[in-house]
Amino acid sequence: MTLNKLTEIKNSILANKKFKKIKNDDREIRLILKNVDVIDPYSIEEYIANDGYLAAYKALTEMNRESIIEEIKKSGLRGRSGGAFPTGIKWSFSLSVEADEKYIICNADEGIPGDFIDRILLEKDPHAIVEGLIIGAIANDANKGYFYIRKEYLAAHKTIEKAIFAARKLGFLGKNIFDQGYDFDIEIRIGAGSYVCGEETALMESIEGKRGTSRAKPPFPAVRGLFGKPTCVNNVKTLASVTKIILNGAESFNKYGTENSKGTNIFSISGKVKKPGFYELPLGISIRELIFGICQGPLAGKTITSVLVGGPAGGFVSEDKWNSPLDYDLFHINRTMLGAGGIVVIDETICIVDMCLMFLEFGLEESCGKCSPCRYGTKKQIAILKSIIEGKGKPEDLEELKNLSEHILSSSLCGLGMSTSFPLLSALMNYEELFIEHLNHKCRANVCKCGENND
Amino acid sequence: MENLKQKNFDLFTAYLEKYKKQKDALGLLLHKSMDLFSHIPQEIQLIISKELDVSMAHISGVISFYSYFSFEKWGKNVIDLCTGTSCYVCDSKNVVKKVKEYLKIDFEETTKDDNFTLLSAKCLGNCVSGVSMRINDDLHENVTKDNVIEILRKYEVKPYDS
C-alpha cells in the first residue's frame, strides 16, 4: 500500500460525497470526534477519505519509535481513562525493555457508569482506534494487539470486528503492513461483565482466560504483562487522540487545554440537565460553564444540588468548586478524579447519602475479592451507611466511616478498591450536613426511610 | 449426560477445534457455550477441561467470577436492566422494584416458565436516555416504573400478573 493508493481511494470517495461538519454545540472543538456521525463506521473508504490511515502510514515511513514517542510527549497527552498518566512516558518505558514478543492492548472495557464516550467512538469511528493501536504498536515495538471490549457493548463488537477485517484486507494489518516490512495484527476479546477487568492487570488476567483479579505491581505491565511479556495498555480515547496527534502534529493538540492537562477532552454529561450528551471541549473548562452554559442548566423548576465527576471512582463536587477549571491535577487535589470525563448532574430529588450506598454496593459487587480492605472494608462501610439510612445511625458513625474509607483507600491492591471510597469521602467532606440530618431522622430528598416511626 | 441439542453440540465442537490446548481461549469457549446453550453445562465444562488442559476447578472459578457466564440455564429472554449511576438518577431503583415484583424473581434468577432471566447491568453506556433496559438485542430507552411492564409484555407468553 503506497501513499498513491491511499490518495486514490480518498479522491474516488470525495468525487461522489461531501462530508459535513457536525457539532452538538457551537463551542465544541472537534478534533477527536471529527468523524463521529459524519462517516459510515462500516466504510473504511470513507474513513480514508477523511485522512484515515495517513497517520499510521506516516508513523511507519517518516517516523521511528523515538520520534513517535517524542511527538506524543510533546503533545502533552495524558491517559484518558482516569489515571491520567502521560502517554508518551508510558510508551517510552518499552524502549529499554528487551523481549521476543511485546503486546499492546486497547482497553475498551469502559465500565464506569456515566461514561459512554468509548462506546460512541467504538461504534462511530472504529478505524481511528484501530489506527491508534497500529501507531501504538509501532512505538512499543509490538507485533500483536488485543481489543478488550466489554460484553455490554454489542454494537461495538460488530464495528470493531468489521474494521479489523477491512484494514486487514487493505494490508494495514497482518504481515508486512503498508508494505513496510512490519508485522502487526489484532485479536478481539470480549469481556463477560466484570468492572474490575477495566483495571489493566485484571484485564490481562482476563485475556489469559482467568478470573479477572488484579496483580500486585511491580512488576509493571511494561516489564511483565500479558503472558509474562512487556505490554502496553491504552484507553480507547487515548488511542483515538494519538491518531490525530500524529496526523496533525503535537501543536494541533497542545494548543488547547491547561498547563498540565493539554488538549481537548470528551465530556459525557447525563442526569438532571436540559441538554445532556457528549461534547468535545478543551480541558480547563469550568463545571459551571459545562452544566449551565452548554447543557443549559437544570430541568424546569429544579435546582442542581451537586455534580458527580468520574462516577464510582470520582466524587461529588460542591457548588463552591464549580468555577474551578476541570483538569487532571486540580481534581486530584480535591480528592476527586476527572476520570474519563463522565459527569452526572443531580438535583434536589436525589439523596446523596443513598447514592453513596449505591456506589458502595457497586464496589462490593465488583470487587474481585483478592485483597481484604476492598472485600471486607466495603462490606463494613455498607453496614454502617445502611444503619444511617434506616435512621438507626449514631453520631460516631461518621468518624468511623471516614476512618474506614481512609484505610481502604491506602491499603487496597488496585484502583478499584482505592476508588470505591471516593464518592463517600467526597460526600462526607462536602455534604456532611446531609448525613447529620439522616442521623436526626430526616431525608431532604424524601428518598430514605429514616423517620423515627420507620421500623 | 445432559440433553443438549445435537446440532448446537456439533457447532460447539467444531468451534473448539480451532483452540485446542490454547488455555487463553477459555473465555471465548465459555461465551460460545452461553450463545449455544444459554448456560455452561457440565458436559461442556468437561470437554473444555480435557481439550484445553485446564482443571475443572479453574473453569468453575472463571464461570462464577463473571456475570455473563452461568451454571444455570438462562431463560428465553435475557433482561439487562441498567442500574448504573445515570440510570439511578433516573429512578432505576423503582424500575428494578417493579420488574422484580412483576416477574417474581431477583437479579440473576429465571422465571418459572423459563421465559425471562433478569440481570443487573452496569452500565449499558446509554446514559443520556436512562433508564436503559436491553432485552436480548433490543435496547429500550427512557424506561420508567410506569412503562416497564408494558415493554416486558411484548416478550411474554402469558401475563405474569394473571
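In what follows, chains are A, B, ... by sequence order, proteins preceding strands, each numbered from 1.
- The contact between B/Leu28 and chain A is made entirely by side chain atoms (from C-beta outward), counting heavy-atom distances below 4.5 Å.
- Here SG of B/Cys127 is found 8.0 Å from CZ of A/Arg119. Values are rounded to the nearest 0.5 Å.
- There is no contact between A/Asp347 and chain B, counting heavy-atom distances below 4.5 Å.
- The structure places CG of B/Asn126 at 12.5 Å from CD of A/Glu152, a figure rounded to the nearest 0.5 Å.
- For A/Val273, no part sits under 4.5 Å from any heavy atom of chain B, backbone or side chain.
- Note: A/Gly212 leads A/Gly111, A/Cys197, A/Gly191, A/Gly212 in heavy-atom pairs under 4.5 Å with chain B.
- Contacts between A/Phe359 and chain B at a heavy-atom distance below 4.5 Å involve the side chain alone, from C-beta outward.
- The part of A/Ile207 that comes within reach of chain B is its backbone (N, CA, C, O), which places non-hydrogen atoms under 4.5 angstrom from that chain.
- In this structure, CG in B/Asp80 is found 8.0 Å from CG in A/Leu154, a value given to the nearest 0.5 Å.
- Residues A/Lys210 and B/His58 have side chains in contact (heavy-atom distance under 4.5 Å, counting atoms from C-beta outward).
- Taking OG of B/Ser60 as the reference point, atom CZ of A/Arg211 lies at 10.0 Å (rounded to 0.5 Å).
- Chain B forms the most heavy-atom pairs under 4.5 Å with one residue out of A/Ser268, A/Gly311, A/Ser206, and that residue is A/Ser206.
- Between A/Glu366 and B/Lys122 there is no salt bridge, since no side-chain nitrogen of the basic residue lies less than 4.0 Å from a carboxylate oxygen of the acidic one.
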Self-check item: Evaluation steps, side-chain contact (heavy atoms from CB on, under 4.5 Å), between B/Thr85 and A/Met355
Solution: CA-CA 8 Å; B/Thr85 318; A/Met355 206 162 166; 3.6 Å; yes
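- Contact annotation for A/Ile269: only backbone heavy atoms (N, CA, C, O) come within less than 4.5 Å of a heavy atom of chain B.
- For a residue to count as touching a neighbouring chain, one of its non-hydrogen atoms must lie under 4.5 Å from one of that chain's; by this rule B/Asp91 does not touch chain A.
- With a 4.5 Å cut-off on non-hydrogen atoms, A/Glu110 does not touch chain B at all.
- Taken from OH in B/Tyr88 to CD1 in A/Ile350, the straight-line distance is 6.0 Å, to the nearest 0.5 Å.
- Between A/Gly271 and B/Val89 the shortest heavy-atom distance is CA-CG1, 4.1 Å.
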